[in-house]
Amino acid sequence: MTAFTVTLVLVAVAVGLLRWRRPAWYWLTFGVTLAVVRVLARYGSVMDACGLTVPPARWRLALARATNRPLPESGSPRILRLRPTRTGLVLRLKLRPGQDAFDIAAASDRLRHSFSMYGVTSRELRSGVVEVRMTGYDVLKRVQMPAETDTRPMRVPVALRQDGSVHYRDYRAIPHALTLGATESGKSVYQRNLVAGLAPMDVALVGIDCKQGVELFPLARRFSALADDPDTAAEVLDALVVRMERTYQLIRAQQRIAADVPDAEIAADIWNLPTDLRPVPVVVLVDEVAELALYANKEEEKRRDRIITALVRLAQLGRAAGIYLEICGQRFGSELGKGITMLRAQLTGRTAHRVNDETSANMAFGDIAPDAVLAAIQIPAEKRGLAIAGDSTGGWHRIRAPHTSLRQAVNICNRHADRTPDLPELAPYRPALSGSADAPMRPTEPSPATA
């Protein structure tokens with residue numbers, strides 16, 4: 001008996017230590033089993049206590065009275081599937097008549113306490129079916145991306161969401177995005193993850209870093225063009241506008257709108273073109289947009305208007321030509337001058353790290369998800385990398401990117417330097433690299449005008 005007691009105490013101590021130091025390991029070994037038992041055992045009483053039950057149908061009540069049987073109990077949403085994951089549980093519920101998906105969402109905090117889980121979120125899959133995701137521990141405290149992710153062309157896994165799922169940056173679904181964050185908020189790490197995810201893909205990267213290139217120039221071997229001052233940035237953006245116009249000429253020449261061509265083959269953007277004619281897509285990363293919008297004299301004001309006009313044109317027309325914008329900055333507000341709110345309207349994806357003022361959070365989410373504004377300004381300073389991500393649908397998530405050092409990002413870019421395309425329009429702005437360490441580059445892409 002003494003040996004059994006000692007063993008039990010040692011196991012309890014080991015479990016407690018594992019839960020404290022390695023919550024992910026605890027969840028996979030003990031937590032998931034305990035959580036499944038807890039959910040199944042408490043499900044009926046919890047649904048009743050949270051007001052997620054409906055009275056039995058009238059015909060069932062009449063049948064019970066006619067047969068002198070006990071009255072049926074109120075009905076809870078039926079569990080269609082209970083699936084454990086590496087971070088929690090996923091319940092698929094079938095709603096009863098008269099219930100709404102909002103009822104589940106409104107009771108998420110009560111469900112979290114009742115089932116002793118760390119977090120509970122819900123979303124409607126289809127009419128009458130709701131998916132409830134429960135996390136067993138704080139997945140954003142120590143971010144560990146899953147070994148396998150659903151990576152596709154122009155779709156990059158960049159962070160982990162609070163519900164344990166992967167947050168993707170999908171350029172074909174959301175072409176342009178705005179990323180905000182104060183100093184030491186984790187914005188640069190998010191950008192590094194983005195570049196590291198794009199590096200193995202067939203895509204051209206164009207960088208504008210007006211902080212003398214300290215953020216993007218270490219990654220220069222994977223960039224087709226880089227600008228480190230506003231004057232060069234204006235020239236690069238003008239060159240991109242020229243490339244966009246030439247790409248549209250190519251699409252127009254290859255639309256194949258004859259009557260004998262199936263509708264699915266008619267080209268409206270570069271992704272409908274044949275592979276041998278398709279221009280390489282371009283992702284433009286602007287590290288600090290405020291440096292492009294500020295001016296001190298008339299000459300700088302003209303340059304500023306030229307830059308903002310080019311950015312707005314690319315945001316409005318660049319998607320079909322395969323040009324995508326990633327606008328980053330510490331501050332983004334209407335005081336940056338005319339054209340800024342017009343630019344913001346074209347940036348569908350929004351990500352806000354810790355910001356220093358509510359106005360910046362309002363510029364990020366005020367027009368699409370007002371609830372996310374309060375969440376963005378409540379990010380603590382010690383939670384570097386924590387961010388709020390939303391889009392024009394009004395939905396938003398807490399995310400956190402895994403820490404990627406500058407050295408790791410540089411190694412990834414150097415490893416895939418041979419994928420860097422040489423774009424004719426941007427050839428004068430190709431970063432100069434030493435010949436001894438330079439990796440082999442792709443042949444020059446044919447100009448869309450001559451293709």
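All values derive from a computational prediction rather than experimental measurement.
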**Q** Throw together a table of side-chain donor-acceptor distances under 3.5 angstrom for residues 122-130, partners on residues two or more places apart or in other chains.
**A**
| residue | atom | partner | partner atom | Å |
| --- | --- | --- | --- | --- |
| Arg123 | NE | Glu131 | OE1 | 3.1 |
| Arg123 | NH2 | Glu131 | OE1 | 3.3 |

**Q** Under 3.5 Å, is there a donor-acceptor pair linking the side chains of Asn411 and Arg407?
**A** yes
**Q** Taking distance alone, no hydrogens or angles, what donor-acceptor pairs closer than 3.5 Å link side-chain atoms of residues 358-365 to residues at least two apart or in another chain?
**A**
| residue | atom | partner | partner atom | Å |
| --- | --- | --- | --- | --- |
| Ser360 | OG | Arg331 | NH1 | 3.0 |
| Ser360 | OG | Asp357 | OD1 | 3.0 |
| Asn362 | ND2 | Glu358 | O | 3.3 |

**Q** Of Val286, Leu180, Leu292, which meets side chain to side chain contact (heavy atoms under 4.5 Å, CB included) against Ile327?
**A** Val286
**Q** Would you mind listing every ring-ring contact (aromatic ring centres under 6.0 Å, His included) that reaches into residues 320-357, with sequence neighbours excluded?
**A** Tyr171-Tyr324, Tyr190-His353
**Q** Does NZ or CZ of Arg172 lie under 6.0 Å from the centre of the six-membered ring of Trp271, at an angle within 45° of the ring axis?
**A** yes
**Q** Side chains of Gln191 and Thr179: is there a donor and an acceptor less than 3.5 Å apart?
**A**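 Side chains of Gln191 and Thr179: no pair found under 3.5 Å.
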**Q** Measure the spacing between OG1 of Thr348 and CZ of Arg350 and express it to the nearest 0.5 Å.
**A** 7.5 Å
**Q** For residues Thr135 and Asp163, is any side-chain donor paired with an opposing acceptor at under 3.5 Å?
**A**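 There is no such pair (donor and acceptor under 3.5 Å, judged by atom type) between the side chains of Thr135 and Asp163.
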**Q** Got a second to check how far Met134's CE is from Ser116's OG, nearest 0.5 Å?
**A**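 Rounded to the nearest 0.5 Å, the CE-OG separation comes out at 10.5 Å.
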**Q** Tell me if a side-chain donor or acceptor on Arg354 pairs with a main-chain N or O of Thr183 at a distance below 3.5 Å.
**A**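 Present.
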**Q** As an exercise, state the distance from OG1 of Thr247 to CD of Glu425, rounded to the nearest 0.5 Å.
**A** 7.0 Å
